[in-house]
Peer 1: 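Have a look at this one before I ask anything.
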Amino acid sequence: QVQLVESGGGAVQVGGSLRLSCAASGRTFSTYAMAWFRQTPGKEREFVASIIWSGRTTTYADSAKGRFTISRDNAKNTTYLQMNSLTPEDTAVYYCAADRGFSTQSADMDYWGKGTLVTVSS
């Protein structure tokens, strides 16, 4: 069992930055790939980025490439999402997820956090 708690969301102006954190409980954290998704009202949950258990491989949605960076610290059981050059289109609830595989599909995730809200205003 893995429990995930996101933090770091908030309100930021266009062009600003935020760093989201996802703290995981459980001794098996380092065996999971970790991912970030986001969701806005009326839309499906959208993949943002993921990182393999070792941290050596990452993948990003096109919307995140060049602006967002996913990382992890297995010693701290924490995953991060550094978000730069934010736009209003990035406004969403951001969710952290743990995956025994290395998928970009929300249906494949094994555990979810409750989300943290990011609001980008002009």
Peer 1: Please report the shortest heavy-atom distance between T78 and A23, naming the atom on each side.
Peer 2: OG1-CA, 4.3 Å
Peer 1: Please report the closest heavy-atom contact between F102 and T59, naming both atoms and the distance.
Peer 2: CZ-CG2, 4.1 Å
Peer 1: Is it the case that one hydrophobic cluster holds both F47 and V118, taking links as side-chain heavy atoms less than 4.5 Å apart, direct or via other members?
Peer 2: no
Peer 1: Would you mind reporting whether W36 and S50 have side-chain heavy atoms less than 4.5 Å apart?
Peer 2: no
Peer 1: Could you tell me whether the side chain of V2 reaches within less than 4.5 Å of the side chain of T28, counting heavy atoms only?
Peer 2: yes
Peer 1: Report yes if some heavy atom in the side chain of L4 is under 4.5 Å from a heavy atom in the side chain of M34; otherwise report no.
Peer 2: yes
Peer 1: Between D108 and S103 (side chain of the first, backbone of the second, donor and acceptor by atom type, cut-off under 3.5 Å), is there such a pair?
Peer 2: no
Peer 1: Looking only at side chains, do S30 and N74 share a donor and an acceptor under 3.5 Å apart?
Peer 2: no
Peer 1: Please name the pair of heavy atoms, one in T40 and one in A92, separated by the smallest distance, quoted to 0.1 Å.
Peer 2: CG2-CB, 3.6 Å
Peer 1: With a 4.5 Å cut-off on side-chain heavy atoms, are S106 and W112 touching?
Peer 2: yes
Peer 1: Applying side-chain contact (heavy atoms from CB on, under 4.5 Å), run through T57 and I51 and close with a yes or a no.
Peer 2: CA-CA 6 Å; T57 302; I51 186 167; over 6 Å; no
Peer 1: Hey, any chance W53 and Y111 share a hydrophobic cluster, counting ILVMFWY side chains that come within less than 4.5 Å of each other, even indirectly?
Peer 2: no
Peer 1: Listing request: all side chain to side chain donor-acceptor pair (under 3.5 Å) pairs with a residue in residues 79-94, at least two apart in sequence or in separate chains.
Peer 2: S17-N84, R38-D90, R38-Y94, R67-D90, Q82-N84, T87-E89, T87-D90
Peer 1: R100 versus Y32: any side-chain heavy-atom pair under 4.5 Å?
Peer 2: yes
Peer 1: So do the side chains of M83 and L20 get within less than 4.5 Å of each other, counting heavy atoms only?
Peer 2: yes
Peer 1: Counting only N and O atoms by type, is there a donor-acceptor contact under 3.5 Å from the side chain of T116 to the main-chain atoms of G9?
Peer 2: yes
Peer 1: With a 4.5 Å heavy-atom cut-off, do T69 and L81 have their side chains touching?
Peer 2: no
Peer 1: Checking V14 against V120 for the side-chain contact (heavy atoms from CB on, under 4.5 Å) test, could you report, in this order, the C-alpha distance in whole Å, the side-chain angles of both residues, the deciding distance, and whether it holds?
Peer 2: CA-CA 6 Å; V14 169; V120 184; 4.1 Å; yes
Peer 1: Kindly compute the distance separating CD (Q39) from CG (L117), expressed to the nearest 0.5 Å.
Peer 2: 12.0 Å
Peer 1: How about F68 and V48: do any of their side-chain heavy atoms sit closer than 4.5 Å?
Peer 2: yes
Peer 1: Using the benzene-type ring in the case of Trp, are the ring centres of F37 and Y95 under 6.0 Å apart?
Peer 2: no
Peer 1: So how far is it from S54 OG to R72 CZ, rounded to the nearest 0.5 Å?
Peer 2: 8.0 Å
Peer 1: Quick one: does any side-chain atom of E6 pair with a main-chain N or O of G115 as donor and acceptor, under 3.5 Å?
Peer 2: yes
Peer 1: Please round to the nearest 0.5 Å and tell me the distance separating atom CG of L86 and atom CG of L18.
Peer 2: 6.0 Å
